[in-house]
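Note that the structure is predicted; figures quoted are calculated from it, not measured. Lettering of chains follows the sequences in order, A, B, ..., and the numbering in each one begins at 1.
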Protein chains: 2
Amino acid sequence: MELTKSMEDYLESIYILKKQKRYVRIKDIVEKFNIAAASVTEAMLKLSKKNLVEHEKYGYIDLTEKGMEEARRVYSRHKILYKFLKNILLVSEGNSENDACEMEHIISKESYEKLVKFCDFVNKDTDTSSLLDKFHNSIDSKEGSCNDNGGDKMKNKRLNELKLGETGIILKIEGDKKLRKRLMDMGMLPGTDVKIVKVAPLGDPIEMKIKGFHLTIRKEDAKNILIED
Amino acid sequence: MELTKSMEDYLESIYILKKQKRYVRIKDIVEKFNIAAASVTEAMLKLSKKNLVEHEKYGYIDLTEKGMEEARRVYSRHKILYKFLKNILLVSEGNSENDACEMEHIISKESYEKLVKFCDFVNKDTDTSSLLDKFHNSIDSKEGSCNDNGGDKMKNKRLNELKLGETGIILKIEGDKKLRKRLMDMGMLPGTDVKIVKVAPLGDPIEMKIKGFHLTIRKEDAKNILIED
DNA sequence: TAAACTTATTAGGTGAGCCAAAATAGGAGG
DNA sequence: CCTCCTATTTTGGCTCACCTAATAAGTTTA
Ligand SMILES: [Mn+2]
Ligand SMILES: [Mn+2]
Ligand SMILES: [Mn+2]
Ligand SMILES: [Mn+2]
């Protein structure tokens with residue numbers, strides 16, 4: 001059917017308002033969104049034409065069967081996103097609410113379903129709660145970048161993994177002090193842009209352009225240079 | 001500065017294209033977004049005026065310092081969202097990519113930062129990997145609704161918790177067989193809408209409207225009825 | 001070097017989603 | 001039933017982000 005974000009929000013708000021007010025009118029939506037009444041009237045007209053709401057002039061607003069269905073689809077996404085942000089990531093009330101109400105319109109069916117499963121799992125599995133606690137404790141203390149050399153999945157590229165012509169930004173130099181100093185003396189400082197300009201047959205040595213000049217290093221050394229991809 | 005979604009996408013795409021192509025031109029962006037060339041020209045003009053890109057007529061496109069900064073801000077959100085969807089939720093490549101590139105524009109700073117920490121935690125903590133595996137295994141087999149009575153956090157409301165005038169949808173009836181049968185014979189089936197129309201002093205009994213008629217039940221029984229809020 | 005092709009720009013439009021101001025309808029009280 | 005006041009609708013306008021068609025610049029190619 002292809003509803004726009006704003007149409008979805010109107011439907012959702014009517015759905016929520018009806019839970020509390022029995023009768024929903026233009027004014028209620030105006031107040032909820034802090035929007036001009038003219039805009040709401042216009043929107044209701046459009047939704048009526050699409051058979052999603054019933055609204056007679058100067059009267060009450062109601063969702064049709066179809067409108068109710070759409071509203072519920074949107075609201076279920078809102079809820080799960082809110083719960084994930086608020087209860088798992090511990091995002092503040094306000095940001096959880098806002099982010100959820102934006103993301104609800106764009107999240108794919110698959111992501112939505114997987115997120116439902118994830119929350120479900122976290123809720124049911126007893127082992128998880130302690131781990132979640134651990135995470136929640138760590139949240140305040142930890143630095144958190146997801147950009148250093150963590151586990152298996154989600155690891156950053158290393159310089160030797162860049163292909164010919166590719167560019168990257170140096171993130172971190174590893175290895176022993178001596179090597180680190182040598183590399184850094186050559187100009188390889190975190191934040192610097194590099195571009196691979198030549199690679200020998202077996203990937204060794206590697207020639208790159210950095211700060212305007214060319215530099216050649218051994219593959220073994222390149223492995224110590226983390227690249228922000 | 002307030003960049004629109006489309007401006008952010010243009011900046012991000014220029015940033016990404018420059019990693020592979022050194023020179024970015026209108027045509028590259030046209031191909032990337034499958035959009036009319038006129039639209040891209042127009043967008044570059046607007047971005048130039050905002051001092052985010054440099055672009056002389058018929059020439060190459062470059063990010064300014066400011067543009068680079070914005071592009072990186074957007075792209076870092078893209079990456080973390082992608083990683084979360086793809087590697088933690090196991091969402092397909094395509095949906096992870098699309099969802100990430102939509103959400104990157106709307107996620108709050110706080111949610112972004114918490115998500116980074118979360119991914120970081122999952123990556124670093126060894127206990128988590130096994131648990132994550134467990135989740136990944138469960139993903140195919142489980143039903144998953146996040147809407148039944150799970151743990152402490154994220155629990156659903158029960159009928160007795162609805163306030164006067166509020167409405168809800170029956171999700172599930174709990175309690176022993178006999179009670180369940182009795183309630184369901186009265187019309188309380190999952191999916192049914194209920195609305196609280198009267199509540200006695202101490203919340204007992206509760207009168208509700210359901211399928212057009214009124215029904216009164218004891219608070220003790222109402223506790224067994226889960227409501228989708 | 002002029003025609004042919006590719007790429008980019010200009011000009012003129014469209015629809016979504018908002019707004020302010022003016023016009024109207026409905027309801028409450030005299 | 002007339003008068004106010006509030007809620008709603010109508011009207012006309014605006015910005016954003018697209019589009020098509022016409023034109024112009026740049027690049028090959030014969
Ligand atoms: Mn929303
Ligand atoms: Mn919402
Ligand atoms: Mn994007
Ligand atoms: Mn993106």
Original post:
Which heavy-atom pair separates B/M44 from B/I29 by the least distance, and what is that distance?
Top reply: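 For B/M44 and B/I29, the tightest heavy-atom pair comes out as CE-CD1, 3.9 Å.
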**OP:** Could you pull out the closest heavy-atom pair between A/R158 and A/I227, with the gap in Å?
**Re:** C-CG1, 3.9 Å
Side chains of residues 194-207 of chain A: which donor-acceptor pairs under 3.5 Å do they make with residues two or more places apart or in other chains?
residue	atom	partner	partner atom	Å
A/K195	NZ	A/G165	O	2.9
A/D204	OD1	A/K219	N	3.0
A/E207	OE2	A/H214	ND1	2.9

Side-chain N or O of [X] closer than 4.0 Å to phosphate OP1/OP2 of [N]:
{"X": "A/Y10", "N": "C/dC18", "result": "yes"}
{"X": "B/R25", "N": "C/dA8", "result": "yes"}
{"X": "A/S6", "N": "C/dA16", "result": "no"}

Indicate, with a heavy-atom threshold strictly under 4.0 Å, whether [X] touches base, sugar-phosphate, or nothing.
{"X": "B/F33", "answer": "nothing"}
{"X": "B/L45", "answer": "nothing"}
{"X": "A/T41", "answer": "base"}

Contacts under 3.5 Å, N or O only, protein and nucleotides 22-25 of chain C:
residue	atom	partner	partner atom	Å
C/dT24	O2	A/Y58	OH	3.3
C/dA25	O4'	A/Y58	OH	3.2

**OP:** Go through DNA chain D in 5' to 3' direction and return only the first and the last nucleotide with some atom under 4.0 Å of chain A's heavy atoms.
**Re:** D/dA7 to D/dT10
Output a table of donor-acceptor pairs, distance under 3.5 Å, between side-chain atoms of residues 92-111 of chain B and any protein atom two or more places apart or on a different chain; print 'none' if there are none.
residue	atom	partner	partner atom	Å
B/S92	OG	A/E110	OE1	2.8
B/S92	OG	B/N95	N	3.4
B/E93	OE2	B/Y82	OH	3.0
B/N95	ND2	A/E110	OE1	2.7
B/S96	OG	B/K86	N	3.4
B/S96	OG	B/V91	O	3.2
B/S96	OG	B/S92	O	2.9
B/E97	OE1	B/H78	NE2	3.2
B/E97	OE2	B/H78	NE2	3.1
B/D99	OD1	A/S108	N	3.4
B/D99	OD2	A/S108	N	3.0
B/D99	OD2	A/S108	OG	2.7
B/D99	OD2	A/S111	OG	2.6
B/E102	OE2	B/K5	NZ	3.3
B/E104	OE1	B/H78	ND1	2.9
B/H105	ND1	B/E8	OE1	2.7
B/H105	NE2	B/D9	OD1	2.9
B/H105	NE2	B/D9	OD2	3.4
B/H105	NE2	B/C101	O	2.8
B/S108	OG	A/D99	OD2	2.7
B/S108	OG	B/S111	N	3.2
B/S108	OG	B/S111	OG	3.1
B/K109	NZ	B/E113	OE2	2.7
B/E110	OE1	A/S92	N	3.3
B/E110	OE1	A/S92	OG	2.8
B/E110	OE1	A/N95	ND2	2.7
B/E110	OE2	A/S92	N	3.0
B/E110	OE2	B/K114	NZ	2.9
B/S111	OG	A/D99	OD2	2.6

Original post:
Residues in salt bridge (Lys or Arg N to Asp or Glu O under 4.0 Å) with A/K163, at least two apart?
Top reply: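 Salt bridge (Lys or Arg N to Asp or Glu O under 4.0 Å) list for A/K163, sorted by chain: empty.
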Original post:
Is there any side chain to side chain donor-acceptor pair (under 3.5 Å) pair reaching into residues 23-45 of chain B, and which pairs are they, with sequence neighbours excluded?
Top reply: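 Every pair satisfying side chain to side chain donor-acceptor pair (under 3.5 Å) with a residue in residues 23-45 of chain B: B/K21-B/D28, B/K27-B/E31.
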Original post:
Under 4.5 Å between any side-chain heavy atoms of A/I61 and A/Y10, yes or no?
Top reply: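 They are not in side-chain contact.
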